[in-house]
Amino acid sequence: MASVTLDSVSVRYPSGASGLVGIDLTIADGEFVALVGPSGSGKTTLLRTIAGFLTPTSGAVRIGDRTVAGDAQFVPPEQRELGMVFQQHAVWPHWNVGRNVEYPLRRAGVPRDQRKTRVAEALDLVGLAGYEKRDPATLSGGQRQRVALARALVARPRVLLLDEALSALDEPLRDRLRLELQTLTRELGLTVVHVTHDRAEALALADRVVVLDGGRIQQVGAPDELVTRPASGFVARFLSDATLVDGVLSDAGFQADGHPLSVPRDTSMPAAGRATAAILPAAVTVTPSDAGDAVVRSSLYTPDGGDAVIDWAGVTLRARTRGIRLAVGQTVRVDVDRVVVYPAESLDAAASAAPTLVSA
């Protein structure tokens, strides 16, 4: 196993477009890190740079204590001791399962008797013991993805890279494989870097989540930190579907522009001036009331309760509901337990001053 370190890594494409800008990131030995962000944010570019499919324009990449890119050095992907699983499982249909899993060992020149033992061990790890002779065409999509995972693990990689590895699977299979993947990588002590567009998956699996946008890191932190204390309005909106409301900070506190939302002044709040408040869905309580000043625009049932979109005095916000099923068009009262307040200028620079969490 090994740590992964990126020091001031930038990637610029021949067209002049930037894929990564000044990335500084250390992933500890045995840590599970998820990379998330909107399309074009740089998450896949970052993974491919670690893998060696892309060469940094500047900066350095280290795996353990070995520099694999930068400082006039470049180690090709096949020599980086990595395992990689893609969205499309890429199981070769003309080979049986055992031959598919064995392929990295054959390329590495591992003796035949050792190959057989290690293939059996890898298939057992992913719950496919005894599948060596099976034709891939007879397997389900989940089983084929397990074969791809076994092939990545059979060479005993120092780091496992996952590129949307579960996204092509249907629920509930994807959810089951998430749990199995987390258990397996913990037991093996693997360092894992996982690219996913599924925010819930990232928060559920990872020790830390890296949020990217525009090729830059916007925030790195434990899942609960990112959800409760997002560093910017972008992070709050992207990860938690927060609603951003502009307003003014004064000696009295935050007052939204033309809206009932008002937050009393707190000693830790930013300096007076233009500001933005992020309203997190989990902090919104919705109560049916004929005297309310909000209207339900949509209401979706979830196993945990409900997910509603509310028009509150001209502001559209998301709310999580428990114990009630709201009807579209229903009048409700909105109570906000807390908001996160940012100086207005910080929204253009995600790595700005720390947010302030206050009661509403």
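Residues take their numbers from the sequence shown, with the count starting at 1. Any value given below was found using the heavy atoms of this structure, including those in side chains, with hydrogens, waters and symmetry copies removed.
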Do Arg274 and Asp246 pass the salt bridge (Lys or Arg N to Asp or Glu O under 4.0 Å) test, and can you show the C-alpha distance, the side-chain angles, and the key distance before you say yes or no?
CA-CA 8 Å; Arg274 296 293 299 172; Asp246 292 329; 5.1 Å; no

Other residues, nucleotides and ligands only: do more than 12 of their heavy atoms fall within 6.0 Å of [atom1] on [X]?
X      : atom1 : value
Arg216 : CZ    : no
Arg174 : CZ    : yes
Asp224 : CG    : yes

Heavy-atom closest contact ([X] atom, [Y] atom, distance):
X      : Y      : result
Gln218 : Leu212 : CG-C, 4.1 Å
Val21  : Ser18  : CG2-CB, 3.9 Å
Pro157 : Leu82  : CB-C, 3.6 Å
Tyr301 : Arg325 : CB-CZ, 3.7 Å
Ala51  : Leu161 : CB-CD1, 3.6 Å
Tyr342 : Ala278 : CE1-CB, 3.8 Å

Within the structure provided, determine whether [X] and [Y] are in side-chain contact (heavy-atom separation under 4.5 Å).
X      : Y      : answer
Val36  : Thr196 : yes
Phe53  : Pro77  : yes
Leu179 : Leu181 : no
Arg99  : Glu132 : no
Val295 : Ile310 : no
Val97  : Leu139 : yes
Val192 : Leu205 : no
Leu190 : Phe32  : no

Using the rule given for side-chain contact (heavy atoms from CB on, under 4.5 Å), can you reason through Thr285 versus Asp337, listing the C-alpha separation, both sets of side-chain angles and the distance that settles it, and then say yes or no?
CA-CA 8 Å; Thr285 300; Asp337 297 331; 3.8 Å; yes

Measure from NZ or CZ of Arg80 to the centre of the six-membered ring of Phe74 and say whether it is under 6.0 Å with the direction within 45° of the ring axis.
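Yes, a cation-pi geometry.
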
For [Y], does its backbone N or O pair with a side-chain atom of [X] as donor and acceptor, under 3.5 Å?
X      : Y      : value
Glu201 : Arg178 : no
Ser299 : Leu326 : yes
Arg265 : Ser250 : yes
Glu121 : Val154 : no
Asp311 : Gly314 : yes
Asn100 : Asn96  : yes
Ser10  : Gly22  : yes
Ser298 : Ala308 : no
Ser240 : Ala242 : no

In sequence, state the C-alpha distance, the side-chain angles, and the governing distance for Arg318 and Asp307, and then conclude on salt bridge (Lys or Arg N to Asp or Glu O under 4.0 Å).
CA-CA 7 Å; Arg318 297 279 293 272; Asp307 188 349; 2.5 Å; yes

Do NZ/NE/NH1/NH2 and the carboxylate oxygens of [X] and [Y] come within less than 4.0 Å?
X      : Y      : value
Arg199 : Asp241 : yes
Asp207 : Arg186 : yes
Asp213 : Lys43  : no

Restricting to pairs with a member in residues 51-77, which pass salt bridge (charged side-chain N to carboxylate O under 4.0 Å, His left out), not counting sequence neighbours?
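Every pair satisfying salt bridge (charged side-chain N to carboxylate O under 4.0 Å, His left out) with a residue in residues 51-77: Asp7-Arg62.
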
Side-chain donor-acceptor contact under 3.5 Å, [X] with [Y]:
X      : Y      : answer
Thr67  : Gln73  : no
Thr45  : Tyr13  : yes
Glu164 : His194 : no

Atom [atom1] of [X] and atom [atom2] of [Y]: how far apart are they, to the nearest 0.5 Å?
X      : Y      : atom1 : atom2 : value
Leu149 : Leu160 : CG    : CG    : 6.5 Å
Met84  : Leu162 : CE    : CG    : 8.5 Å
Leu46  : Leu25  : CG    : CG    : 6.5 Å
Arg146 : Leu177 : CZ    : CG    : 4.5 Å
Ile50  : Thr191 : CD1   : OG1   : 11.0 Å
Arg297 : Leu317 : CZ    : CG    : 12.0 Å

Give the ring-plane orientation class for Trp95 versus Trp92, where under 30° counts as parallel, over 60° as perpendicular and anything between as tilted.
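Geometry flag for Trp92 against Trp95: perpendicular rings.
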
How far apart are the C-alpha atoms of Val245 and Val315, what are their side-chain angles, what is the distance that settles it, and do they pass the side-chain contact (heavy atoms from CB on, under 4.5 Å) test?
CA-CA 8 Å; Val245 180; Val315 169; 4.1 Å; yes

Could you go through Asp113 and Arg118, starting from their C-alpha distance and side-chain angles, then the distance that decides it, and tell me whether this counts as salt bridge (Lys or Arg N to Asp or Glu O under 4.0 Å)?
CA-CA 9 Å; Asp113 59 336; Arg118 287 173 61 175; over 6 Å; no

With Glu102, which of Arg151, Arg115, Arg112 fulfils salt bridge (charged side-chain N to carboxylate O under 4.0 Å, His left out)?
Arg115

Kindly work out whether a path of hydrophobic side-chain contacts (I/L/V/M/F/W/Y, heavy atoms less than 4.5 Å apart) joins Leu244 to Val309.
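No, separate clusters.
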
